[in-house]
Amino acid sequence: MDKFVIKKAKTKSKRTLVDDTGSPTEDLTRKKCRGEEADALPEQTCTWKRIREENLSCDYTSLFKKAEADEIFQQLEKDIVYFTGDLSKVQVYGKWHNVPRKQVTFGDEGLTYTFSGITLSPKPWIPVLDLIRERVQLVTGHSFNFVLINRYKDGNDHIGDHRDDEKELVPQSPIASVSFGASRDFVFRHRDSRGKNSVRTIEPVKLELEHGSLLMMNFPTNVYWYHSLPVRRKVLAARVNLTFRKIKPPSQR
DNA sequence: AGACTTAATGTGC
DNA sequence: TGCACATTAAGTC
């Protein structure tokens, strides 16, 4: 744990995110985010943006510099084959829909992930995913055994409000969200400030997920906050997002 | 039993 | 137009 202490922010951000003290947090330096020197200088890995609200804890950083992110994005576009047919449908409020994006899962053999009426079995790991997963582990100290990949072909593709709170997730484990391609807005909304049961007024938390970035969603964010990737009609390019998760082995369920 | 819903749709700005 | 937000109404856990 000590090894991956998040650096305290020191300078002003160009964007509007705030940390738990309400102060603007530092923009990324990119300098030491690539991992080569992390073993030698563990205390100087990445510069993180801390996102803190009531029961929300996320940390954002650049995981790959642009040239490397470009290369990985190309590789993903070449190597990833997405689910089709029944595996690209979900059930919401009793109705089946094709998901407004493409999705696929990779992970250790024998794991499964169920949501909205579908159970997804992972494909075996491939080199480009190993590379990303290892970089995430290097930078965060967390290991993951499963990844859900979502591809948003343009700003019309999206995902609705939801929490990643499935029973098969290891309790209190973080989720690592790695993005490539088009930048997209990402929105958190507190569960007590949604719909007809809304009992409080809590501002949504908005951020932009950039090419080559990593967003760590830490406990208990997914207990209290829903998140979505809203439609953005002006976005014309594709985004590929990988959410690395820790899934309980079947024996523990 | 009751709480929940990774979707589209309609409304209002 | 685009976006934000509430509604939904049937099955699952």
Side-chain angles (χ1 to χ4, degrees), chain A residues 16 53 55-56 58 80 82-107 111-122 144 146-169 171 173-179 182-209 215 217 219-248 250 252-253:
Chain A
T16 54
E53 294 293 339
N55 290 314
L56 183 151
C58 292
I80 303 297
Y82 293 86
F83 291 143
T84 58
D86 289 346
L87 294 178
S88 65
K89 294 181 186 347
V90 295
Q91 194 182 31
V92 186
Y93 283 96
K95 291 177 178 149
W96 287 94
H97 304 274
N98 289 310
V99 296
R101 61 188 172 277
K102 286 184 185 169
Q103 61 189 20
V104 65
T105 54
F106 289 79
L111 303 175
T112 60
Y113 194 57
T114 297
F115 64 91
S116 302
I118 52 166
T119 296
L120 302 177
S121 291
F144 299 93
F146 191 93
V147 64
L148 169 64
I149 305 181
N150 282 295
R151 182 180 190 273
Y152 304 89
K153 68 176 185 307
D154 59 29
N156 292 307
D157 275 5
H158 62 280
I159 192 164
D161 262 5
H162 68 285
R163 294 179 291 175
D164 291 320
D165 60 348
E166 284 71 29
K167 278 207 263 299
E168 56 264 61
L169 292 168
S173 59
I175 293 177
S177 170
V178 182
S179 298
S183 258
R184 288 288 295 265
D185 290 345
F186 189 74
V187 180
F188 288 98
R189 297 177 69 205
H190 196 283
R191 67 178 188 188
D192 292 344
S193 188
R194 307 166 70 245
K196 59 181 154 199
N197 310 331
S198 177
V199 291
R200 304 173 61 192
T201 301
I202 302 170
E203 280 299 300
V205 174
K206 305 183 182 188
L207 45 153
E208 190 184 333
L209 301 182
L215 177 71
M217 289 185 274
F219 182 82
T221 304
N222 279 124
V223 179
Y224 293 93
W225 294 78
Y226 289 73
H227 58 266
S228 68
L229 190 85
V231 167
R232 287 291 179 266
R233 305 223 181 260
K234 285 173 235 177
V235 174
L236 304 177
R239 167 176 182 262
V240 173
N241 177 68
L242 305 91
T243 47
F244 291 89
R245 298 145 192 269
K246 195 171 282 201
I247 307 282
K248 291 186 218 167
Q252 287 180 34
R253 296 185 269 155

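Everything quoted here is computed from the prediction, not taken from an experiment.
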From CG of Asp164(A) across to C1' of dT5(B) the rounded distance in Å is 14 Å
Would the distance check show the side chain of Lys248(A) and the main-chain N or O of Pro171(A) forming a donor-acceptor pair, the cut-off being under 3.5 Å? no
Does the pair Leu87(A) and Tyr82(A) meet the rule for a side chain to side chain contact (heavy atoms under 4.5 Å, CB included), with working shown? CA-CA 9 Å; Leu87(A) 294 178; Tyr82(A) 293 86; over 6 Å; no
Just by distance, with hydrogens left out, do Tyr113(A) and Arg245(A) show a side-chain donor and acceptor under 3.5 Å apart? yes
Provide, to the nearest angstrom, the distance between the CG atom belonging to Asp161(A) and the P atom belonging to dC3(C). 16 Å
Arg191(A) CZ to Tyr226(A) OH distance, which is reported to the nearest 0.5 Å: 8.0 Å
Taking OP1 and OP2 of dT5(B), is either one under 4.0 Å from a side-chain nitrogen or oxygen of Arg194(A)? no
Taking any heavy-atom pair under 4.0 Å as a contact, classify Val231(A): base, sugar-phosphate, or nothing. sugar-phosphate
Got a second to check how far Arg184(A)'s CZ is from Ser179(A)'s OG, nearest 0.5 Å? 10.5 Å
For Ile159(A) and dA7(B), what is the distance between atoms CD1 and C1' respectively, to the nearest whole Å? 10 Å
Write down the distance between OH (Tyr226(A)) and P (dA6(C)), rounded to a whole number of angstrom. 12 Å
So which protein N/O to nucleotides 8-13 of chain B N/O distances come out below 3.5 Å?
unit_1	atom_1	unit_2	atom_2	d
dA8(B)	OP2	His158(A)	NE2	3.0

Looking only at atom types and distance, does a side-chain atom of Arg239(A) sit under 3.5 Å from a main-chain N or O of Asn150(A), one as donor and one as acceptor? no
Does any N or O in the side chain of Arg151(A) come within less than 3.5 Å of the main-chain N or O of Val240(A), such that one atom is a donor and the other an acceptor? no
Tell me, what's DNA chain C's dot-bracket, Watson-Crick or G-U with both distances under 3.5 Å, | for other-strand, [ ] crossing? .|||||||.||||
Using atom names, set out every protein N or O paired with an N or O of nucleotides 9-13 of chain C below 3.5 Å, distance rounded to 0.1 Å.
unit_1	atom_1	unit_2	atom_2	d
dA10(C)	N3	Gly94(A)	N	3.4
dC13(C)	O3'	Lys167(A)	NZ	2.7

Check for a donor-acceptor pair, side chain of Glu208(A) on one end and backbone N or O of Ser183(A) on the other, with a separation under 3.5 Å. no
Tell me the interatomic distance from Leu236(A), atom CG, to dG2(C), atom P, rounded to whole angstroms. 11 Å
Could you check whether Asn150(A) gets within reach of a base, just the sugar-phosphate, or nothing at all, counting any heavy atom under 4.0 Å? nothing
Distance, P atom - from dA8(B) to dC4(B), rounded to whole angstrom: 22 Å
Matching residue for Thr105(A) among Val147(A), Leu148(A), Leu111(A), Thr243(A) - test: side-chain contact (heavy atoms from CB on, under 4.5 Å): Leu148(A)
Separation of dA4(C) atom C1' from Phe188(A) atom CZ, nearest Å, is 18 Å
OP1 or OP2 of dT5(B) sitting under 4.0 Å from any side-chain N/O of Arg163(A)? yes
Using 30° and 60° as the class boundaries, would you call the ring planes of Phe188(A) and Trp225(A) parallel, tilted or perpendicular? perpendicular
Base, sugar-phosphate or nothing for Arg101(A)? Non-hydrogen atoms, less than 4.0 Å. base
I'd like to know if the side chain of Arg200(A) reaches the main chain of Ser193(A), judged simply by a donor and an acceptor atom lying under 3.5 Å from each other, with no hydrogens or angles considered. no
Return the CD1 to OG1 distance between Ile247(A) and Thr112(A), rounded to the nearest 0.5 Å. 7.5 Å
Gln103(A) atom CD is separated from dA7(B) atom C1', nearest whole Å, by 12 Å
What is the distance, rounded to the nearest whole Å, between atom CG of Asn197(A) and atom C1' of dT7(C)? 12 Å
